[in-house]
Amino acid sequence: MVPRTVAPNSFAGRLDDPAANAGYEAPPPRKGFFTDTSVCIGCKACEVACKEWNMVPEDGIDLLGMSYDNTGGLGADSWRAVAFIEQSRPIGRGTPAFDGTTTGGSSDALQQDVVAAGIDVFEEASRLGTALPGGTPIADAAAAATGASGGCGCGSGGGGCGSAPAAAAATTTTAAPASEQFLGMPGMLAPAPLPDREGRQDVRWLMMSNVCKHCTHAACLDVCPTGALFRTEFGTVVVQQDVCNGCGYCVSACPYGVIDKREGDGRAWKCTLCYDRLGNDETPACAKACPTESIQYGDLDELRERAEARRQQLHDVGVTEARLYGEDPDDGVGGDGAFFLLLDEPEVYGLPPDPVVTTRDLPSMYKHMAVAAGAMVLGALVSGLGRRS
Amino acid sequence: MNTPGSPTEGAFERDPHPDADPRRTQNQEPHPAHQGGQSHHDPLGGQAARMWGAGMGRRDGAAVDAPGGPDGGKPRRRGGRRRRGDPNAVVPDAEFRSYYGRPVLKRPVWTHDIAYYLFSGGLAAGSSMLALVADARGDATARRNLRLTSLTAVGASAYFLIIDLGKPERFYNMLRVAKVTSPMSVGTWILTGFGPLCGAAAVFEGAVLLPQRGVWGLARTLARPAASVAGAGAALFAPLLATYTAVLFADTAVPSWHEPYRELPFVFAGSALASGAGAGMLLSPVAQAVPARRAAVLGATLELVAAHRMENEHGLVSEPFRIGRPGKFLRAARALTAAGAVGAVLGRRSRVVSAAAGACLLTGSFLTRMAVFEAGITSVEDPKYVVVPQRERVAARDAAAATASA
Ligand code: SF4
Ligand code: SF4
């Protein structure tokens, strides 16, 4: 279990088989998660299933008052956490929300276009879900069918293009009556029927089920002074609860802010990728519970291929903001065992845009420490020079 | 240092828990002028817009209309959102996006005990090195007092280290493993080597209390050389004890601990030497404090120079060392350390000046440790310290790739 030799690439860089690097002979293929956020519906079945299976305690029933996400993020008592983001954004590619007018071509018009063109959006969606690449964005199809204008040319980068000039021109709204004052509670309806204060209804929801990344170079594991954190034969990273003494080093080391110390218990906890289920050839609880296959479990190699195909598929139908996160074995942590397909920049989901395992710089840190220690010795020697007065 | 109405201050709701951070709340009361329906450019729309409309999370005096914002018809800026930054920011607010302003990283679970540990470990190391110097020079009072200081400090270190564990009774689990990839494991072993030697050197000082005759007399005679050997052994571990804590902090994802990893060992080495020297000046007669005074000047200089780099060379990540509580601590530390060094030079004849300078150095060293500890905490509480430098890294890489392919 304990690595006998420290391979030269143990600190950082590409490492294709972390289990073998950790000393396992002929380990099974590396396992992981591919979380495709484009099909996540935010149902939180994964959160519940994870808690149930792993007997993770309740962590406070809070209303955070920011969105439908009241979990707030990963922690010792939340090993899966569904992020929820609401954004203004034109539907489909190249359809400015307020194109050409002060109020602009709102999504009302767009929806009317879609209806007028006789497009069955559900069919479109299912075609996208299963068919080959090559679909057409609904909005474009609708625009083509009805001859409406479109195309502001913005695409990737997420967040959507919009209409600040239009909004600026319309800054004459009078003060809202006190009775309408919004108190920060999520509404009961989807945002579409509720125009925002500028009358726009073009809103999108992003949802992402976050989880421990099971890094190829796991900082938490590297810095653990008790050996409580270890690499399993599946290439995942697990805490041995009977060894952890709650020093908390792993908490500060994780570049994703995943692992945390449990209140009242004192030890560090995080996702185990259902190590007990894996050992019995079972799918982890969250992946099993996910109704939309947003969470896909399997051999990492295969998942990476699947994810790239999905990204390509989405690009082909105009979802150019789709990008993979954590799939690259050459990134700062050597690639994640659990990686994602995102529809906006990682930081929008609370993920670091370019994480690097801190131990990459450890050899240099030790070198600097040695020189500083030498300087101290020198200082003491110089201080002691000369005869007593 | 918030610049009211600054046009770069693209205000946006971000802190769903205004109570969670008292530092932020003052400026976050909904501003009457922004209450209700005043129309602003809306960075997110929908839910966030309604919260925005209700004045939630808005910062006093912040300019709310970011010209050419993300909804602009013009080419979009990358990332496209304006975020306001820290109210104490001394550099213009960085633009970045985040998940409702929530931290990306976990707040270190270490408490101030760890800051105290940094100080006491450094003091133990510095004083045991100077005890060896005093021993070599035959400065008996200085030697004795430094050895006792060192023992007290290392005892305090072990105490702070262990009570900060979530399961203190499992401390021994660290003694079952030795891992170079874990600076904490390395440090545990350094402390395990240093502690008993330092303790022995101090305890043997007590031999003077034994009777001069018989078996006790023999023990009394042997105690001197034994103490010297133990003290020399401790002094061998001491520089490692003083500097490994820098690696301990640097080997984390915490931006303001990790980024200055080249300077931190020197800050801690200088601080440890200065604090040991401070103890020496405080506790020895001036005639025996010559090495302490020299060490004070050397240690203080090293600490000040390295801390200056740490405070200025790392762009945004250096900012926590200048603002808020860590900034105050570091400024006070700098003043006290400098005063201590000056006092060390001037206090050649005066016991009082020498002792006062020693006290300044000790306090300065303590505050330096507190500043480093708290700067790290500040740098994880605001996601900008994580997101902005990483974004810059990505942008630099993209630019390099673009030029390479062009
Ligand atoms: S460093 Fe963080 S994300 Fe990576 S394996 Fe450890 S806890 Fe998971
Ligand atoms: S808290 Fe536990 S798992 Fe984390 S580094 Fe310390 S001993 Fe290891």
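A, B, ... follow the sequence lines: proteins, then strands. Residue 1 opens every chain.
With a threshold of 4.5 angstrom between heavy atoms, A/P363 does not approach chain B through any atom at all. With a threshold of 4.5 angstrom between heavy atoms, B/R262 approaches chain A through its backbone and through its side chain. Both the backbone and the side chain of A/C247 have a heavy atom closer than 4.5 Å to some heavy atom of chain B. For B/L298, the part lying under 4.5 angstrom from a heavy atom of chain A is the side chain only. With a 4.5 Å cut-off on non-hydrogen atoms, B/Y244 touches chain A through its backbone and its side chain both. Neither the backbone nor the side chain of A/A219 comes within contact range of chain B; no heavy atom of the residue lies under 4.5 Å from a heavy atom of that chain. Looking at B/A136, neither its backbone nor its side chain comes within 4.5 Å of chain A, counting heavy atoms on both sides. If you measure heavy-atom distances from B/V267 to chain A, you find no contacts under 4.5 Å at all. When heavy atoms are compared at a cutoff of 4.5 Å, A/V356 approaches chain B by way of both its backbone and its side chain. Neither the backbone nor the side chain of B/R293 comes within contact range of chain A; no heavy atom of the residue lies under 4.5 Å from a heavy atom of that chain. Both the backbone and the side chain of B/L248 come within contact range of chain A, each with at least one heavy atom under 4.5 Å from a heavy atom of that chain. For chain A, the nearby parts of B/A250 are the backbone and the side chain; heavy atoms of each come within less than 4.5 Å. At a 4.5 Å heavy-atom cutoff, the contact between A/L351 and chain B is made by backbone atoms alone.
For the atom pair B/L241 CG and A/M376 CE, the distance stands at 8.5 Å (nearest 0.5 Å). The structure places CE of B/M184 at 9.0 Å from SG of A/C224, a figure rounded to the nearest 0.5 Å. Rounded to the nearest 0.5 angstrom, B/L240 CG and A/M369 CE are separated by 5.0 Å. Atoms CE and CG, on B/M129 and A/L381 in that order, are 7.5 Å from each other to the nearest 0.5 Å. For the atom pair CH2 of B/W257 and OG1 of A/T358, the computed distance is 11.5 Å after rounding to the nearest 0.5 Å. Distance check, rounded to the nearest 0.5 Å: CZ of B/R97 to CD1 of A/I85 gives 9.5 Å.
More than 12 non-hydrogen atoms from other residues, nucleotides or ligands lie less than 6.0 angstrom from CD of A/Q241.
Nearest heavy atoms, A/P353 versus B/V387: CG-O, 3.9 Å. Across all their heavy atoms, B/N173 and A/V243 have their closest contact at ND2-O, 2.5 Å.
Per-residue counts of heavy-atom pairs under 4.5 Å with chain A were compared for B/A235, B/P265, B/G299; the largest is that of B/P265.
Not a single ring pair (Phe, Tyr, Trp, His ring centres under 6.0 Å) links A/Y256 to another residue, sequence neighbours left out. Qualifying ring pair (Phe, Tyr, Trp, His ring centres under 6.0 Å) partners for A/F84, counting only residues two or more places apart in sequence or in other chains: A/Y68, A/W205.
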